[in-house]
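Let me begin by presenting the structure, written as structure tokens, before commenting on it.
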2 protein chains.
Amino acid sequence: MTRLAGSSKLLRAMNASAALGHLLEAGGLTRADLRKLTQLSTPTISEVLRRLTEAGLVTVVGYHSGRPGPNAEIYAANPDAAYAAAVSVRDIGASGAPSVVAALCDLTGAERARIERRIDFLRTDPKTALVEVVADLREEAGVAAEGIHHVQLGVAGSYDSRAQTIRHVDVPGFSRPGLVPEIAAALGTRVGVDNDVNLAAVAERRHGVGTDADGFALIWLGQEGLGLAIDIGGTLLRGARGGAGEIGYMPLYAPDSTHRKVDLQDLVGGAAVLALGRDHGVPGRTPLEVVQAAAADPEAGEFFTELADRVSVGLAAVIAVLDPSLVVLAGPVAQAGGQTLLAAVTTAVRRAAPLESAIAVTTIDDDAVLLGALDAGLTAVREALIASIRDDQA
Amino acid sequence: MTRLAGSSKLLRAMNASAALGHLLEAGGLTRADLRKLTQLSTPTISEVLRRLTEAGLVTVVGYHSGRPGPNAEIYAANPDAAYAAAVSVRDIGASGAPSVVAALCDLTGAERARIERRIDFLRTDPKTALVEVVADLREEAGVAAEGIHHVQLGVAGSYDSRAQTIRHVDVPGFSRPGLVPEIAAALGTRVGVDNDVNLAAVAERRHGVGTDADGFALIWLGQEGLGLAIDIGGTLLRGARGGAGEIGYMPLYAPDSTHRKVDLQDLVGGAAVLALGRDHGVPGRTPLEVVQAAAADPEAGEFFTELADRVSVGLAAVIAVLDPSLVVLAGPVAQAGGQTLLAAVTTAVRRAAPLESAIAVTTIDDDAVLLGALDAGLTAVREALIASIRDDQA
DNA sequence: CGAGGTGATTGGCAATCTGGCTAACAATTA
DNA sequence: TAATTGTTAGCCAGATTGCCAATCACCTCG
């Protein structure tokens, strides 16, 4: 129910927004294309494009030849009108210092720079480190300081956007209240923070197997913990305090008190995968190595059956609560398990869950968290641009 | 991201919609009030009100005196511009025939008629029965046939809105594919169908404890089964096939295979409550009677502790997946349990769940499902009215 | 094989229409 | 008298239709 009222200025802003929105989404459009999409008349489209071009948001990128008549100009959003940066902070556990991967993309989503480095956050202040990483990204891509409109941060923890605080995070220094606003002030951009699994779901929605789904649940089987992201029609469900999907803490029911209290993390977390490997004689020093070894070993069916049984415990609860049309298995362990794990999980879930959700393995080979963070940052930049048009003209 | 474009006609429609929306929500407003709310100028407001009045959607309901100047006219949406009907179909189990409760309200939400009757759907076709009930409602309220714009149906089952089919429903005849479109055709109105628990959540959002929550999960402890409704910022999460919240089928983890497979329904469904009452020496022939007896008995603490433990098993999973800011206990069993049950569940959930969600008991005394269905129907009518304005003027 | 005609398409200009705004004004009541 | 309501008149912004020149592909004819 739009409760929007206004005069002709609002119209102009709406039409400009609509045109820019279409250009951002489709990439390159002629006036005729825009006419069909917006249902506006030729002079209006011309006027809108003239204004957008003057504002530097839109440029002519080519000509459409091969048909009768003059070559139609192809307009597209100016790639250099704004940039988005993404930083993924990962705690890679006992094996080394936390790792930071960062990238920068232009308004069309093309990646312009990428940096990967190890930073010891016990010695380095997060704010300082992040500002430096972003500055290096800018330099590598040759982008001016004010070109970056949004920096998206991805962490293995939950972000309480109301309190602007990161919670349940293992990387030192990141849980300090007030950190995020300080980073935003130091960078001079808007800063978004989100859970790494949520960002992986964003990537899955845009580039992966979730493209056409009207909603999906993504379960992340990581080296350490596990997580869940819930996509509903393209928007993520974050919960009251950003804690939605923290299924690692989900307690499991024990029919009698002889069993100690266990949660899902105990069942399918990294330690559990290691132990499971030991029980089935699968070698490997890390969970990833164990699953990789099992995937290469045709005799390891038992291992996958039991792992799948455990995964299906969590999935059954998720499916009963959410009824997703699609469940995506993602994360290093899931990727290493591949089709073997998928088949085993599918069988186990069919047995356990009442509703038939499709199940798939992620199709993203690159760093899903980083890609998702770039996408999230890009979306934020685009929305801000569209909003700024509305406000400028009002 | 509004991708809306258009010309001055769109403006007209938007402004009319906005005004009608405010009038529907606030009840009675003067021109000056509307000016402040919509930011439109005096002549525009006059023009909009003139058109709305001519269309019969708005009337003058009074005058605002006591201040200098002429008495300002108070406008309000015409209560008789459209009506919504709601029908709640309940299977009351072995104790009798299914029961139907229906009500009719005007555009302001005032209830104009209510009917309660028992219908044996083994003998009566659902379509015939529903058409008759709606006709009786119209007669009791003195409303013309074309006055009802929307009929909202509530059933204990899930509604697949894509297939327009009711699933998982116990009442005979209601699961037949094609039934809902046929009813709509026979009634000559639009027909909405939703799960009874979802509708109870709608009522909770509008009249109950969920009014100010930005989202909540409502767990329904019924005489027979249990259910869950998920409200996210006022919209309900329904899932891919309308099956979200069917937590009765949620399988519970068994650490070893010596225990038979149990689901949540086995743990907190009506039969389980009866059995629990027997174990603790609480009298009663129905689950409701058992809980009522326990609530009256100060010695029944044990009963509530165990019931709450079981409820918290489901709630812990729900909280881990969704992180709701509020959990509402509703349904006959929860209502009978009252503050005693609430206290016990709060204790149990604090122990089991990692996140601290507030927990409350429903504050709706009347038939929550029926109220929710009325609200849902009313919302649909209002949205249709606003949309029709837009289309008329286009 | 080349040149010119034909038709479709692009994009700009002028005139018109719709709708909202400001300003002035009559009417009414504390 | 002062404040407030609601109407009328004139104005302005923005979108639309209709018209036109320019351009390019394609076809036909010499």
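Every chain is numbered from 1, with letters handed out A, B, ... down the list of sequences.
- Taking atom NE2 of B:H64 as the reference point, atom P of C:dT28 lies 19 Å away to the nearest angstrom.
- Nucleotide C:dG20 holds its C1' atom 12 Å from the CZ atom of B:R51, rounded to whole Å.
- Among the nucleotides D:dG6, D:dT8, C:dG11, the one closest to the side chain of A:E73 is C:dG11.
- For the pair B:L10 CG and C:dG20 C1', the interatomic distance rounds to 14 Å; values are reported in whole Å.
- A sub-4.0 Å separation between OP1 or OP2 of C:dG12 and a side-chain N or O of A:S46 is present.
- Rounded to a whole Å, the CD1 atom of A:I45 is 12 Å from the P atom of C:dG12.
- Applying the 4.0 Å criterion to OP1 and OP2 of C:dG19, one finds that B:R12 has a side-chain N or O inside that range.
- Counting only heavy atoms from C-beta on, A:P70 has its side chain closest to D:dA22 among D:dA22, D:dG6, C:dG12.
- Considering A:L374, A:L370, A:L236, A:D194 in turn, A:D194 is the only one that fulfils the side-chain contact (heavy atoms from CB on, under 4.5 Å) rule with A:L199.
- Counting all heavy atoms, side chain and backbone alike, A:L378 lies closest to A:D106 at CD1-O, 3.3 Å.
- One finds a side-chain N or O of B:R31 lying less than 4.0 angstrom from the OP1 or OP2 phosphate oxygen of D:dG6.
- Nearest-nucleotide mapping onto DNA chain C: of B:G69 and A:T30, the residue sitting toward the 5' end is A:T30.
- The side chain of A:A72 sits closest to C:dT10 out of D:dT5, C:dG20, C:dT10.
- The nucleotide whose nearest atom lies closest to any side-chain atom of B:T42 is, among D:dT7, D:dT5, D:dT16, D:dT7.
- Residues A:R12 and A:E47 form a side-chain contact, since some pair of their non-hydrogen atoms from C-beta on lies under 4.5 Å apart.
- At a threshold of 4.5 Å between non-hydrogen side-chain atoms, the residues A:L153 and A:V180 do not count as touching.
- Comparing C:dA8, C:dG11, C:dA23 by their nearest atom to the side chain of A:P68 picks out C:dA8.
- Counting only heavy atoms from C-beta outward, the side chains of A:Y63 and A:E73 approach each other to under 4.5 Å.
- Atom-to-atom, CZ of A:R67 to P of D:dT23 comes out at 18 Å; the value is rounded to the nearest Å.
- You'll find that the side chain of B:T44 is closest to C:dG20, out of C:dG20, D:dA25, D:dT5.
- Within the structure, every side-chain polar atom (N or O) of A:N71 is placed at least 4.0 Å from both OP1 and OP2 of C:dT10.
- Contact between the side-chain N/O atoms of A:S41 and the OP1/OP2 oxygens of D:dT16 is found at a separation under 4.0 Å.
- Here the side chain of B:L40 is nearest to one of D:dT17, C:dT9, C:dC21, namely C:dC21.
- The distance between atom OH of A:Y63 and atom C1' of C:dT9, rounded to the nearest whole Å, is 16 Å.
- Counting non-hydrogen atoms under 4.0 angstrom, A:E47 reaches nothing in the nucleic acid.
- If you measure from atom NZ of B:K9 to atom P of D:dA13, you get 22 Å, rounded to the nearest angstrom.
- Rounding to the nearest 0.5 angstrom, the gap separating the CG atom in B:D33 from the CG atom in B:L23 is 9.5 Å.
- Whole-Å rounding puts the A:L11 CG to C:dC17 P distance at 19 Å.
- Comparing D:dA15, C:dT22, C:dC21 by their nearest atom to the side chain of A:S7 picks out C:dC21.
- Between B:N15 and C:dG20 there is a side-chain N or O to OP1 or OP2 distance below 4.0 Å.
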